[in-house]
Amino acid sequence: MKLADVYAVIDGAYPKKLSDVYVKNFGAHDNSGVLIDTGDDITGMVFSLDLSGGAIAAAKARGANLIVTHHPAIFFPVSALNVQDASGARLVSCLRAGICVISMHLNLDFAPEGIDYHLAKGIGGQDVSDTYENIDGGAYGRVYDVRRQSFADLCAHVSKEFHTGRLLSYGAEGEISRAASFCGAGVDGGAIRFAKEHGADVIVSSDVKHNYICDILESGMRLVVLTHYASENYGFKKIYQKIGDKLGVPAYYHEDGFML
């Protein structure tokens with residue numbers, strides 16, 4: 001199967017144009033799409049949140065010559081490839097092994113049933129009535145009702161559902177009935193105001209800076225911090241389960257468990 005045919009199926013489900021529109025409208029940066037094309041027909045593929053050494057090893061072991069990632073394998077222009085550098089070593093390894101790479105980044109964050117959506121559903125989101133950053137065909141950042149429960153119970157549920165023991169919680173014990181979530185490193189001042197204005201009792205995200213932690217707590221909300229990997233691997237795996245058998249060649253999922 002041709003790489004272009006595989007990409008057409010993926011892009012049809014999660015259009016790169018969502019990334020392009022967001023970058024244009026919000027002044028962001030992204031690098032989604034086909035990032036390595038060896039010119040060979042695709043015989044199998046591995047889905048992995050990152051182009052990691054583990055994902056490359058899994059592709060080789062499976063006889064797969066395509067890796068589909070969420071995080072861009074090449075984010076900024078590369079001026080040199082050096083196997084002594086971790087990122088360079090991964091790219092060289094792919095080229096030597098004839099492995100193509102497709103990355104689907106912001107388009108998966110913004111897709112109607114993309115990674116940010118699945119984060120909210122995993123937390124227990126019921127009716128998502130408010131979204132933070134909106135573009136034609138997608139949105140990022142959500143506020144929604146959750147089952148009324150204690151803060152401790154919500155933290156325990158998130159830890160179990162997202163298969164992670166690396167979870168930080170900030171704030172006093174109390175009842176939670178409304179949450180805000182932002183997959184990846186999505187919390188900034190605007191996100192905090194959005195969550196507060198729409199009645200969130202707690203924010204769930206990852207990679208939250210100290211000053212934002214202070215602002216969240218002083219705004220009367222609580223905070224749950226997942227690893228970046230855990231906050232996005234959950235949804236990326238759901239996407240694999242939805243489209244993996246529609247791509248015309250065998251597809252497998254790789255997890256870097258040490259990152260959870």
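- There is no side-chain donor-acceptor pair under 3.5 Å between Tyr144 and Gln126.
- For Lys238 and Glu113, the salt-bridge test fails: no basic side-chain N is under 4.0 Å from an acidic carboxylate O.
- There is a side-chain donor-acceptor pair under 3.5 Å between Ser103 and Thr69.
- Within the 4.5 Å cutoff, no side-chain heavy atoms of Val9 are placed close to those of Ile243.
- Looking at heavy atoms from C-beta onward, Lys242 lies out of side-chain contact with Ile239 at the 4.5 angstrom threshold.
- Hydrophobic clustering, with ILVMFWY side chains joined whenever heavy atoms are under 4.5 angstrom apart, keeps Val158 apart from Met221.
- Between the side chain of His198 and the backbone N or O of Phe194, at least one donor-acceptor pair lies under 3.5 Å.
- Considering only heavy atoms from C-beta on, Cys94 comes within 4.5 Å of Ile56 through its side chain.
- The pair Asp20-Lys16 meets the salt-bridge criterion, since a charged nitrogen lies less than 4.0 angstrom from a carboxylate oxygen.
- A salt bridge between Asp201 and Arg178 is absent, with no side-chain N of the basic residue lying under 4.0 Å from a carboxylate O of the acidic one.
- Listed for the Ser205 side chain is a donor-acceptor partner under 3.5 Å among the backbone atoms of Phe182.
- In this structure, Asp116 pairs ionically with Arg142, as a charged nitrogen and a carboxylate oxygen lie closer than 4.0 Å.
- Defined by atom type and a distance below 3.5 Å, a donor-acceptor pair is missing between the side-chain atoms of Tyr117 and Asp109.
- With Tyr234 as the fixed residue, the side chain to side chain donor-acceptor pair (under 3.5 Å) test singles out one of His118, His163, Lys121, Glu161: Glu161.
- In summary, the side chains of His228 and His71 do present a donor paired with an acceptor at a separation below 3.5 Å, with no hydrogens or angles considered.
- In this model, no donor atom of one side chain and acceptor atom of the other lie less than 3.5 Å apart for Asp50 and Ser52.
- Using a cut-off of 4.0 Å between Lys/Arg side-chain N and Asp/Glu carboxylate O, Lys237 and Glu255 are scored as salt-bridged.
- Hydrophobic clustering, with ILVMFWY side chains joined whenever heavy atoms are under 4.5 angstrom apart, keeps Leu66 apart from Leu35.
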Q: Please assess Lys2 against Asp41 for the test salt bridge (Lys or Arg N to Asp or Glu O under 4.0 Å), listing each intermediate value before the final yes or no.
A: CA-CA 5 Å; Lys2 299 297 184 183; Asp41 288 349; 2.9 Å; yes
